Amino acid sequence: MVTSLKLADVVAGALGLPPRTVVQHLRNLQKAELISFKGYGRGAAHMSPHDAARLLIAAAGSDFVKDSLTTLRGFGALLPIRTALGEGQHITLEDHLAGLLTKLASEASAEPGSGAAQLGHLDLSLVSVANIAAPSHAAILRWGPDASSICFAAQQWKRPITSVGDYAQLVKGAGLIREKHLTREALQAVAHSL
């Protein structure tokens with residue numbers, strides 16, 4: 001099990017961010033009681049997949065550490081929108097990412113040839129507009145050998161997006177579009193620490 005400071009160190013390494021930056025994101029989330037906190041040292045709280053998902057979203061999606069909570073609220077609460085496979089489940093991006101981290105951790109501990117399902121290709125794109133007056137967050141999760149995807153967005157969006165180009169068409173005139181990617185390797189590094 002990993003403590004909060006160790007998790008911050010792992011997230012920093014996985015994302016290529018300065019450790020002090022991720023520790024500040026961690027502190028912002030702890031202050032808002034969005035990350036487990038209990039004591040220090042051996043008595044410190046062990047981090048859950050939900051804690052890791054929250055820290056990943058805040059650290060990867062924020063331009064500045066002061067934006068940790070805004071970023072987590074903007075991306076974490078997104079719901080899947082209707083896709084060609086049918087109606088999306090009503091599970092938030094934050095919950096879905098926590099589940100993926102759990103699955104990646106179990107893949108790592110599975111015996112080779114055990115028949116444990118492998119996710120194959122995996123990446124997560126976080127996209128938003130820079131114009132704070134017009135927040136429009138979305139996320140695209142791709143996985144598997146055929147790079148199937150699921151889009152997470154505000155529920156008023158009825159049309160799924162599969163690329164940043166699709167997103168740009170929906171937010172015409174919004175200005176600069178931010179795009180951040182979490183690779184399978186980054187997600188695995190965090191999952192393996194849990």
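Just so it is clear, the values below take in all heavy atoms, side chains as well, and ignore hydrogens, waters and symmetry mates. In this text the structure is predicted, and so the values were computed from the model without any measurement.
- Hydrophobic cluster membership differs between Val65 and Ile35, with clusters built from Ile, Leu, Val, Met, Phe, Trp and Tyr side chains linked at under 4.5 angstrom.
- Considering all non-hydrogen atoms of both residues, Leu126 and Ala139 come closest at CD2-CB, 4.0 Å.
- Contact of the Leu15 side chain with the Val22 side chain is not registered, since no non-hydrogen atoms from C-beta on lie closer than 4.5 Å.
- Contact of the Leu56 side chain with the Val190 side chain is registered, since non-hydrogen atoms from C-beta on lie closer than 4.5 Å.
- Shown here for Ala14 and Ala189, the closest heavy-atom pair between the two residues is CB-CB, 4.0 Å.
- Here Arg178 pairs with Asp63 in a salt bridge; the nearest charged N to carboxylate O distance falls below 4.0 Å.
- Rounding to the nearest 0.5 angstrom, the gap separating the CG atom in Leu122 from the CD atom in Glu107 is 8.5 Å.
- Looking at heavy atoms from C-beta onward, Leu29 lies in side-chain contact with Leu69 at the 4.5 angstrom threshold.
- Atoms CG and CD1, from Leu93 and Ile140 in turn, are 11.5 Å apart once rounded to the nearest 0.5 Å.
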Chi angles and distances behind the side-chain contact (heavy atoms from CB on, under 4.5 Å) call for Leu55, Leu72: CA-CA 8 Å; Leu55 186 57; Leu72 179 57; over 6 Å; no
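- Inspection of the Asp51 and Ser36 side chains reveals an N or O donor paired with an N or O acceptor under 3.5 Å.
- To the nearest 0.5 Å, atoms CD1 (Ile91) and CG (Leu78) are separated by 13.0 Å.
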When you look at Arg73 and Asp67, which way does the salt bridge (Lys or Arg N to Asp or Glu O under 4.0 Å) test go after all the steps? CA-CA 10 Å; Arg73 289 182 184 123; Asp67 298 331; over 6 Å; no
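- Residues Ala8 and Val23 share a closest heavy-atom pair of CB-CG2, 3.9 Å.
- Atom CZ of Phe64 and atom OG1 of Thr71 lie 10.5 Å apart (nearest 0.5 Å).
- Screening Arg184, Lys180, Arg142 against Asp123 for a salt bridge (Lys or Arg N to Asp or Glu O under 4.0 Å) leaves a single residue, Arg142.
- When side chains are defined from C-beta on, Leu100 counts as touching Leu141, because their heavy atoms get closer than 4.5 Å.
- In this structure, the side chain of Ser106 engages the main chain of Lys103 through a donor-acceptor pair within 3.5 Å.
- Residues Ile57 and Glu94 are in side-chain contact: their nearest non-hydrogen atoms beyond the backbone lie under 4.5 Å apart.
- Under the side chain to side chain donor-acceptor pair (under 3.5 Å) criterion, Thr162 pairs with Asp166, not counting sequence neighbours.
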Evaluation steps, salt bridge (Lys or Arg N to Asp or Glu O under 4.0 Å), between Glu33 and Arg54: CA-CA 11 Å; Glu33 298 180 1; Arg54 289 179 187 127; over 6 Å; no
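- Under the 3.5 Å distance criterion, with hydrogens and angles disregarded, no donor-acceptor pair is assigned to the side chains of Arg27 and Ser68.
- In terms of heavy atoms, Pro49 sits closest to Leu101 at O-CD1, 3.8 Å.
- Taking the six-membered ring where the residue is Trp, His96 and Phe152 present tilted rings, their angle falling between 30° and 60°.
- Within the 3.5 Å criterion, the main-chain N or O of Ala98 finds a donor-acceptor partner in the side chain of Thr102.
- Side chains of Ile161 and Gln169 form no contact here, defined as non-hydrogen atoms less than 4.5 Å apart.
- Checking side-chain atoms of Ser62 against main-chain N and O of Ala58 turns up a donor-acceptor pair under 3.5 Å.
- Note that the OG1 atom of Thr3 and the NE2 atom of His46 stand 8.5 Å from one another [nearest 0.5 Å].
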Evaluate the criterion side-chain contact (heavy atoms from CB on, under 4.5 Å) for residue pair Val129 and Tyr167; output intermediate values, then yes/no. CA-CA 10 Å; Val129 295; Tyr167 176 82; 3.5 Å; yes
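- Closest of all the heavy-atom pairs between Ser193 and Leu7 is OG-CD1, 4.1 Å.
- Side-chain atoms of Asp95 and His50 form a donor-acceptor pair, as typed in the model, at a separation below 3.5 Å.
- Minimum heavy-atom separation, His137 to Ser128: CD2-CB, 3.8 Å.
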